[in-house]
There are 2 protein chains.
Amino acid sequence: MEKRATIKDVAEAAGVGIATVSRVLSGGSASPGTRERVLAVAAQLDYRPSAAGRNLRQRRTGGLGLLVPDLTDTFFGLLAEGVLAHARSAGEPVVLGSTGDDPEQESEMVGMLLEQGVDRVVAVPSGDAESWRPAVRAGMTVVFADRLPGESPDQDAEGPDHDLMLLDGLPPAPPARPLDTPAVLADDRSGIRTAVRYLKGLGHRRIAYLGGPGHERRVAAFREAVGAPVDEELIVFATGSRDSAYAAAAGLFQSRPDLSAVVAGGNALGEAAVLAARELDLRVPRDVSLVMYDDVPWAELCSPPLTVIAQPGREIGYRAAELVLRAGARRPRTVVLPTELIVRGSCGPHR
Amino acid sequence: MEKRATIKDVAEAAGVGIATVSRVLSGGSASPGTRERVLAVAAQLDYRPSAAGRNLRQRRTGGLGLLVPDLTDTFFGLLAEGVLAHARSAGEPVVLGSTGDDPEQESEMVGMLLEQGVDRVVAVPSGDAESWRPAVRAGMTVVFADRLPGESPDQDAEGPDHDLMLLDGLPPAPPARPLDTPAVLADDRSGIRTAVRYLKGLGHRRIAYLGGPGHERRVAAFREAVGAPVDEELIVFATGSRDSAYAAAAGLFQSRPDLSAVVAGGNALGEAAVLAARELDLRVPRDVSLVMYDDVPWAELCSPPLTVIAQPGREIGYRAAELVLRAGARRPRTVVLPTELIVRGSCGPHR
DNA sequence: CTTCTCCATGGAAACGATTCCATCATGCTT
DNA sequence: AAGCATGATGGAATCGTTTCCATGGAGAAG
């Protein structure tokens with residue numbers, strides 16, 4: 001339990017001033033002789049600069065925050081691995097928080113990060129845009145991954161505001177842009193469209209969508225892809241929990257026995273769909289075809305192996321970390337990564 | 001980007017000294033009037049004490065480190081959720097590192113944690129006892145979860161040491177106890193034994209074990225449970241990677257077509273076993289029975305659903321966090337949590 | 001009425017790093 | 001040879017907090 005060596009110890013042992021030590025260690029100028037001596041002494045004393053001291057002085061803590069809904073979900077695990085990979089290569093520590101898809105816990109975590117001095121965060125958001133505003137106003141650099149925060153509920157209030165501005169003779173400013181935060185997303189639009197086309201190609205007409213929280217874009221893409229008369233009953237939602245997902249899937253199958261294919265908007269939903277189908281004695285793909293968003297390792301283990309829309313989870317995390325770490329000069333735009341339909345065995349022709 | 005309020009700002013705004021503010025905020029004594037005023041001002045200014053300042057002063061950073069081999073593995077995700085749950089309730093931030101089961105990366109991460117001032121760590125160790133010694137000597141409080149570090153290779157040197165001590169007339173001190181670090185583990189012994197008994201009861205005689213890194217206890221328990229003439233060829237190991245696990249499983253099936261049951265010592269191994277069996281056209285459970293360590297959500301999705309040895313991953317993490325946070329007075333002993341055999345459909349009678 | 005105790009309070013030191021600035025030596029230019 | 005530029009170096013201030021200690025006032029005990 002011997003206490004750690006400080007810069008002062010190193011300075012004394014090397015017979016130089018602390019300023020010199022600091023300079024040597026942070027790459028400043030120093031004479032070769034001095035540099036060598038300082039480095040030797042530092043190594044021999046196993047000196048490590050204290051993050052607390054440095055942070056205090058430079059008024060910013062290194063490190064980045066990572067906020068995900070649930071680490072039990074393989075996709076978020078993958079995303080986290082991506083973030084960690086880049087953080088490691090940048091030598092930055094990662095402070096982790098799991099929000100359970102609860103906006104309240106989320107903002108609590110944001111508060112804690114702020115307190116820790118962590119001012120750069122990669123987040124899979126649960127709260128809406130409004131709930132993220134305090135964070136960015138407090139000076140946080142935020143990059144969203146996988147999802148965007150839900151549009152604020154005050155969207156309705158936007159109309160009146162607009163009118164008011166016109167009355168005042170002001171130029172109709174863009175109606176309070178939700179947030180100008182960069183994000184790294186998968187190309188949901190294209191992924192969903194490809195899946196739906198594929199199912200249509202197999203002859204399916206009554207295709208259902210099973211959605212989770214925070215993916216408005218996927219639903220929108222689904223609506224667009226299935227085309228004109230959208231059967232609203234075939235679009236159902238669950239919250240983040242497993243129970244909720246199962247209930248939604250089971251409810252869907254029971255209330256609409258005529259559906260012939262399901263697109264699950266996430267791996268938790270896909271899991272629920274498989275379970276519910278089995279429980280109700282629906283065979284996949286004979287009775288119902290299934291496409292799941294997210295390619296997770298166990299998709300191949302199911303029988304039949306699941307046809308999936310793969311999105312590069314690890315890379316999403318990696319790129320997000322990259323963005324948040326070099327959020328310097330030009331504010332980076334949102335990055336969209338490609339998806340890929342991986343056909344395995346869970347879809348069959350419509351009978 | 002307005003800079004955050006400091007304790008000094010609060011003190012000025014409230015018309016008191018900074019010492020008083022600090023006292024009020026950290027629960028010291030103060031007159032009711034003052035306390036109220038300070039709290040009001042602090043709230044109004046949205047004041048948050050800077051962790052950097054506090055850490056510097058008290059020479060220790062709050063927070064705890066979490067080191068896992070791979071967040072993509074559902075079990076570790078579960079464990080992490082447990083740690084996070086307890087950390088949240090204790091108001092402590094969690095610094096995460098993923099080691100990829102690589103001792104070198106692991107000690108790198110330990111170094112970084114040390115630098116950050118994080119001196120309490122929950123770890124699923126990859127390195128051996130020797131590689132953890134520097135960490136504990138540097139004053140880190142470590143609690144191992146799920147695994148113990150492999151016995152150091154210098155175990156052989158133990159004999160001589162002992163003799164030497166006898167010669168010196170010293171009391172025969174315990175021969176360099178590997179590490180007196182507490183740990184939270186599942187009851188591997190009992191779990192494996194139950195599984196093997198179950199398989200034996202189904203008539204299986206040639207039972208194989210597919211092991212991963214860091215679970216000597218499981219192998220030992222397996223050897224013990226299968227009884228006297230242990231067929232060493234039926235015990236194979238993989239490193240942490242998916243490829244390695246698949247190779248080990250496939251190799252096992254091919255080299256020993258006479259085996260009738262497999263115990264997979266982790267969910268990654270179980271996954272590999274299912275895949276390899278399918279590839280080689282072995283039916284589960286008709287041709288080969290399978291029991292997997294870890295109950296993960298997707299175990300139920302396989303067909304047939306996998307019979308598993310469930311260990312309480314979330315609770316392991318929770319308890320480990322608990323131990324490391326109140327590592328005060330009496331050094332806590334190792335905690336062993338129960339396992340449970342969950343019979344589903346992947347085991348059948350021997351034919 | 002005096003003295004003692006106790007409590008609220010504020011000033012100031014300390015924590016360990018970075019960084020500005022002054023100092024000093026060295027070598028070059030004129 | 002004198003002045004000047006350059007580069008190495010150390011002193012000291014600073015960051016925001018906690019905590020030790022001194023101060024002062026009020027109430028209690030003698």
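Here is the naming used below: chain letters follow the sequence lines, and residue numbers restart at 1 for every chain. The figures that follow rest on heavy atoms only: side chains count, while hydrogens, waters and symmetry mates do not.
The side-chain heavy atoms of Val335(A) and Leu323(A), taken from C-beta on, include a pair separated by under 4.5 Å.
Heavy-atom distances to DNA chain D give each of Ile18(A) and Lys8(B) a nearest nucleotide, and the one nearer the 5′ end belongs to Ile18(A).
Counting non-hydrogen atoms under 4.0 angstrom, Ser22(B) reaches a base of the nucleic acid. Within 4.0 Å (heavy atoms only), Thr34(B) reaches sugar-phosphate atoms of the nucleic acid but no base atom. Among the protein residues, Gly33(B) comes within range of no part of the nucleic acid, since none of its heavy atoms lies under 4.0 Å from any strand.
Side-chain N or O atoms of Arg4(B) include one that pairs as donor or acceptor with a backbone N or O of Leu114(A) at under 3.5 Å. Although no hydrogens or angles enter the test, the distance criterion places a donor-acceptor pair under 3.5 Å between the side chain of Arg37(B) and the main chain of Ala14(B). Listed for the Asp9(A) side chain is a donor-acceptor partner under 3.5 Å among the backbone atoms of Thr6(A). A donor-acceptor pair is defined here as one N or O able to donate and one able to accept, closer than 3.5 Å; no such pair exists between the side chain of Ser126(B) and the backbone of Thr99(B).
Judged by distance alone with a 3.5 Å cut-off, a donor-acceptor contact links the side chain of Arg57(A) to the base of dT14(D). The base of dG10(C) sits with one of its N or O atoms less than 3.5 Å from a complementary donor or acceptor on the side chain of Arg23(B).
In this entry the distance linking CZ of Arg59(A) with C1' of dA17(C) reads 14 Å, nearest Å. If you measure from atom CD of Gln116(B) to atom P of dG16(C), you get 16 Å, rounded to the nearest angstrom. The separation between Arg35(A) atom CZ and dG7(D) atom P is 15 Å, rounded to whole Å. Between the P atom of dG16(D) and the CD atom of Gln58(B) lies a distance of 17 Å, rounded to the nearest Å. Look at CD on Glu36(B): it is 16 Å from P on dA8(C), rounded to the nearest Å. Per the geometry, CG belonging to Asn55(A) stands 15 Å off C1' belonging to dT14(D), to the nearest Å.
In this structure, Glu104(A) places its CD atom where only 12 or fewer heavy-atom neighbours from other residues, nucleotides or ligands lie under 6.0 Å away.
With hydrogens and angles left out, the side-chain atoms of Ser98(B) and Glu81(A) include a donor and acceptor closer than 3.5 Å.
For Thr20(A), no side-chain nitrogen or oxygen approaches OP1 or OP2 of dT9(D) to under 4.0 Å. For Arg54(A) and dT18(C), the shortest distance from a side-chain N or O to OP1 or OP2 is below 4.0 Å.
Within residues 38-53 of chain B, the residues approaching DNA chain D are Tyr47(B), Arg48(B), Pro49(B), Ser50(B), Gly53(B), by heavy-atom distance under 4.0 Å.
Comparing atom distances between the Leu56(A) side chain and each of dT9(D), dA12(D), dC15(D) picks out dC15(D) as nearest. Side-chain atoms of Ala19(B) lie closest to dA12(C) of the nucleotides dT18(D), dT18(C), dA12(C).
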